[in-house]
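Computed from a predicted structure; not experimentally measured. Hydrogens, waters and symmetry mates play no part in the numbers below; they use all other heavy atoms, side chains included.
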2 protein chains.
Amino acid sequence: MGAVTIYDVAERAGVSIKSVSRVLNGRPNVTEELRRKVQEAADALGYRPSLSARGLAGARSYLIAALVDAELTIEHWRSGRGNDYLSRMELGALMECRQAGYHLLIELVDVASPTLERDILAMVSSLRPDGLILTPPVSDSTVVLDALDSRGAAYVRLGAEREPSRGGRVWMDDRRAAYDMTVHLIRLGHRDIGFVVGHPRYAASRARRAGFEAAMGDHGLAVRAEWVAEGDFTFPSGLACAERILGAARRPTAIFASNDDMAFGVVQAAARLGLSIPRDLSVAGFDDAPGAQFSTPQLTTVRQPVSEMAEAAARMLIAGAAGQAAPGPAEVAYALVLRDSTAAPRG
Amino acid sequence: MGAVTIYDVAERAGVSIKSVSRVLNGRPNVTEELRRKVQEAADALGYRPSLSARGLAGARSYLIAALVDAELTIEHWRSGRGNDYLSRMELGALMECRQAGYHLLIELVDVASPTLERDILAMVSSLRPDGLILTPPVSDSTVVLDALDSRGAAYVRLGAEREPSRGGRVWMDDRRAAYDMTVHLIRLGHRDIGFVVGHPRYAASRARRAGFEAAMGDHGLAVRAEWVAEGDFTFPSGLACAERILGAARRPTAIFASNDDMAFGVVQAAARLGLSIPRDLSVAGFDDAPGAQFSTPQLTTVRQPVSEMAEAAARMLIAGAAGQAAPGPAEVAYALVLRDSTAAPRG
DNA sequence: GTGAAAGCGCTAACAA
DNA sequence: TTGTTAGCGCTTTCAC
């Protein structure tokens, strides 16, 4: 009710609505005197322009939409757990949006849907966001990129691997991080190392696996097929994979899981077999989920700066919408977090 | 670019734009024939009404805004961790919104800000959401409720304690849950029980403490001041509180923390003192955070159905916006999750 | 430097 | 049952 409009402000300031618009949008060609009057009136009235009206009339919607894959999200929802990656992504984007007067919208996207293209098109024409943040695996969907490009929509891809030249990108080197972690295990003295692969739909899964294999190869170590199992980034899948790997005739002395949730599953599987970590088995994860520092033993893992990535993405998008040249693609740094779940294998 | 508008659909279907509007909004008084023609044209064109235009012209914005306290959120963002409560809340709300063609917006609110009232008013007049989901501690801010009421905005409060008659409410009985958990500890044989209080701004903190104290009193047990410490729901605060409690001349045999993050801090503090859990100390938490099932020992805690609460809230709001009588206040059930961190005290 | 007028794409009365 | 006509509150030409 009683909503304050631009007309109210204009009347109170004794100027035209156009002047109010100019002042509030920081346009040039305004005298200091006018700016002050308008600002005063707007403050007194507690005026805030209507998002809808702005979006409808102008070229900007002040909306950033984050596209998130529906499958894993629903999986989390079903299991009653939150999604740490999503949460961190969101916090980063939120902080950046807040500063710039932008609003963040989370949109679920089913990349496996046969109607994916129209879903994206429909979403864009309905929301007209000033920019889109594509999270994996949406960031690697050619269908999505094509649809977005056909509309001239601005987007930044998080952790994308394929077609690196398309759109804005903020990524970290998953392959190298996995390589480094594998080397860490090798340096500890492990030669028999198992690996739990991530969800096949994610580019990061392939990259991490490639990094693991490259490190093994570079050190003259064989990757044994029975020590590699394919999970889907969930705890139960990690548990199942570990049971398979540890059920092999010969056991590896270390297992590197493609994310922390699966690493926790590995820890659980080890506990069921009566294996002590890290004495009987070293376990490494990837992500630095909150549980990684709370678990016992604390988990050795790779810290992925998700929040910073999302901040950078939002910043690029907002700058672009404001007509500024958007900053180019950005690589962010990962960090190996060495905790207590990895150690030298027993003599 | 090439955005499809209602005019395009009307032209293709050979009807007026009003008819298109009627069909797409499921209004009565439309022949089957017309409905089919319009639907066909809309599908062929991949038409989706503009959110801005709808919001501007009509009474509904198809937006649900979730109000989240800035302080704890920024704290999480700084520490590079996600927020499990927020994430679960969001997933639930998202699922419900998605079904109804609604969009979810996350808005940060600083309940300690001197400009809180105008912040809320500004947000509402800018966004004009069809409904707001108030998360704690925003849900207990009289200033926010007053501001929202002055605008006639529809809102549902999550886990609110004060002024229970205002607005929609979805809550669980924090007091009773804490009571039950305390009784669980007492039944195990504990008589010396410590308590870590939550963030003072949260109503749930008071309720949980009250439940603890009531249970102790009902069983003729004393609450010793040196065994109660005030934290703020963060891991470090739990650690600090536990160090204080365990540093007392006499130690309790169990500590009940007001949330899991603090409980993990208690576990950590115990480990530093060389105490084994649950042999030397039983630890109970509250929330059932993801880490609770991954930690060793797995944490005994209270499961709070955050996601279901948010779903119910969104459902109420959407029903209300559609003109249906909104379902009344709803209490959701908690569950004690008894895991391995609690046991009988040593002889 | 400032203002008047024309829409943006819808929904909501009101006619027909 | 359907169509016509006004706006909703802004931004954007284009005059002044």
In plain terms, say whether [X] and [Y] are close enough for a salt bridge, that is, a side-chain N and a carboxylate O under 4.0 Å apart.
{"X": "Asp140(A)", "Y": "Arg157(A)", "answer": "yes"}
{"X": "Arg169(B)", "Y": "Glu331(B)", "answer": "no"}
{"X": "Arg36(A)", "Y": "Glu40(A)", "answer": "yes"}
{"X": "Arg88(B)", "Y": "Asp84(B)", "answer": "yes"}
{"X": "Glu163(B)", "Y": "Arg166(B)", "answer": "yes"}

Interatomic distance, Glu11(B) CD vs dG9(C) P [rounded to whole Å]: 14 Å
Between dG1(C) (P) and Lys37(A) (NZ): distance, integer Å: 15 Å
From OG (Ser126(A)) to CZ (Arg54(B)), nearest 0.5 Å: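 Answer rounded to 0.5 Å: 7.5 Å.
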Inter-end axis angle, the helix from dG1(C)-dC16(D) to dA16(C)-dT1(D), with every axis fitted to five base pairs (rounded, 10 degrees):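 Comparing the first five pairs with the last five, the axes sit 30° apart.
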Per-nucleotide protein contact string for nucleotides 4-16 of chain D (B base, S sugar-phosphate only, - none; heavy atom under 4.0 Å): B--BBBBBB----
Would you list the atom pairs, donor with acceptor, under 3.5 Å between side chains in residues 110-118 of chain B and any protein atom, with sequence neighbours excluded?
from      : atom 1 : to        : atom 2 : distance (Å)
Asp110(B) : OD1    : Ala112(B) : N      : 3.0
Ser113(B) : OG     : Thr115(B) : N      : 3.0
Ser113(B) : OG     : Thr115(B) : OG1    : 2.9
Thr115(B) : OG1    : Asp119(B) : OD1    : 3.2
Thr115(B) : OG1    : Asp119(B) : OD2    : 3.1
Arg118(B) : NH1    : Asp43(A)  : O      : 3.3
Arg118(B) : NH2    : Asp43(A)  : O      : 2.6

Over 12 non-hydrogen atoms of neighbours within 6.0 angstrom of CD in Glu308(A):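 Atom CD in Glu308(A) is crowded, with more than 12 foreign heavy atoms closer than 6.0 Å.
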